[in-house]
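Scroll down for the structure; my scribbles are underneath it.
If you're wondering where the values come from, they're calculated on a predicted model, not measured in any experiment. Letters A, B, ... mirror the listed sequences (proteins, then strands); counts begin at 1.
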Amino acid sequence: MKDYSNFFNNVYEVVRNIPIGRVTSYGSIAKFLGVARSARMVGWAMNQAHILEDVPAHRVVNRNGRLTGKAHFAEINQMQKLLEKEGIKIENDEVVDFEKHFWDPSIELGFD
DNA sequence: CGATTGACCGAAG
DNA sequence: CCTTCGGCCAATC
């Protein structure tokens, strides 16, 4: 049973729970929610996220650590700017030491 | 309502 | 390194 109506809601909730100075990937979120093959839906969720306020979409990148969604922000450098502000270095639109800053919801949040 | 697109992922060549 | 393909599903045209 998969409540896709709640799926988007869950995505936003997970993203909100991303600690400062950490980043995660769309796939990891999707996997955490049990829809590993629907990572694109996470992307769509992010697309809708811009209407929300507590959704730090800048902390969500693709599995390469690349800022694929930067073009969707109000300003192109907004995403990189926010990340660098949190102590994450960006180089060539990619997160430096991505693995080091990577935050896996399935590990950090985990299930009870 | 059919076809296309998309802030993805992974595998294959 | 790059391109192509299959998969998944909502939103858009």
Side-chain angles (χ1 to χ4, degrees):
Chain A
M1 135 187 168
K2 296 182 175 82
D3 191 334
Y4 292 108
S5 301
N6 203 35
F7 172 70
F8 275 56
N9 207 355
N10 289 331
V11 173
Y12 302 139
E13 196 169 317
V14 173
V15 176
R16 287 192 195 107
N17 277 282
I18 301 176
I20 295 177
R22 298 275 184 125
V23 290
T24 191
S25 63
Y26 305 91
S28 297
I29 295 174
K31 188 176 183 182
F32 172 67
L33 298 177
V35 285
R37 296 184 177 98
S38 299
R40 297 176 133 166
M41 301 300 87
V42 179
W44 264 109
M46 295 294 93
N47 199 335
Q48 299 297 310
H50 78 92
I51 66 177
L52 302 177
E53 300 177 6
D54 297 342
V55 183
H58 62 271
R59 294 187 192 140
V60 185
V61 296
N62 71 354
R63 76 118 185 147
N64 277 312
R66 196 172 190 195
L67 282 56
T68 50
K70 69 164 193 164
H72 294 262
F73 283 77
E75 296 181 16
I76 299 299
N77 39 339
Q78 184 78 57
M79 190 172 189
Q80 178 172 339
K81 196 174 178 183
L82 290 170
L83 290 173
E84 291 183 327
K85 192 174 178 184
E86 297 181 356
I88 299 175
K89 296 177 182 177
I90 308 298
E91 194 170 293
N92 194 16
D93 294 337
E94 294 181 21
V95 177
V96 179
D97 295 326
F98 174 60
E99 302 176 17
K100 189 180 285 187
H101 295 290
F102 183 64
W103 178 84
D104 192 341
S106 63
I107 295 176
E108 302 295 333
L109 293 179
F111 285 103
D112 52 10

From C-beta outward on A:Met46, which listed nucleotide comes closest to its side chain: B:dA7, C:dA10, C:dC8? B:dA7

Is there a donor-acceptor pair closer than 3.5 Å between any side-chain N or O of [X] and the backbone N or O of [Y]?
{"X": "A:Tyr12", "Y": "A:Asp54", "value": "no"}
{"X": "A:Asn92", "Y": "A:Glu94", "value": "no"}
{"X": "A:Asn17", "Y": "A:Glu13", "value": "yes"}

My understanding is that only one of A:Val11, A:Val14, A:Asn10, A:Val15 makes a side-chain contact (heavy atoms from CB on, under 4.5 Å) with A:Val42; could you say which? A:Val11

Could you work out the separation of B:dC1 and C:dC8 based on their P atoms and round it to a whole Å? 22 Å

Taking NZ, NE, NH1 and NH2 as the nitrogens, is one of them in A:Arg59 or A:Glu86 under 4.0 Å from a carboxylate oxygen of the other? yes

Protein-nucleotide distance ([X], atom [atom1]; [N], atom [atom2]), rounded to Å:
{"X": "A:Asn10", "N": "C:dA10", "atom1": "CG", "atom2": "C1'", "result": "16 Å"}
{"X": "A:Leu67", "N": "B:dA7", "atom1": "CG", "atom2": "C1'", "result": "10 Å"}
{"X": "A:Ile90", "N": "B:dA7", "atom1": "CD1", "atom2": "P", "result": "18 Å"}
{"X": "A:Met41", "N": "C:dC8", "atom1": "CE", "atom2": "P", "result": "12 Å"}
{"X": "A:Arg66", "N": "B:dG6", "atom1": "CZ", "atom2": "C1'", "result": "16 Å"}
{"X": "A:Lys31", "N": "C:dC8", "atom1": "NZ", "atom2": "P", "result": "17 Å"}
{"X": "A:Asn6", "N": "C:dA10", "atom1": "CG", "atom2": "C1'", "result": "16 Å"}

A:Ile51 reachable from A:Phe8 in the ILVMFWY side-chain graph, under 4.5 Å edges: yes

Spell out, yes or no, whether A:Leu52 and A:Ile18 are grouped together once hydrophobic residues are joined by side-chain heavy atoms under 4.5 Å, including indirect joins. yes

Touch check for A:Ala30, heavy atoms < 4.0 angstrom, all strands: base, sugar-phosphate only, or nothing? nothing

What string of B, S and - do you get for nucleotides 8-13 of chain B, 5' to 3', when a contact is any protein heavy atom under 4.0 Å? BSS---

Please give me every residue in residues 70-89 of chain A whose heavy atoms get under 4.0 Å of an atom in DNA chain B, ordered by residue number. A:His72, A:Phe73

By the ring pair (Phe, Tyr, Trp, His ring centres under 6.0 Å) test, which pairs, at least two apart or in different chains, include something from residues 44-86 of chain A? none

Here the gap from A:Lys85 atom NZ to A:Gln78 atom CD, rounded to the nearest 0.5 Å, amounts to 8.5 Å

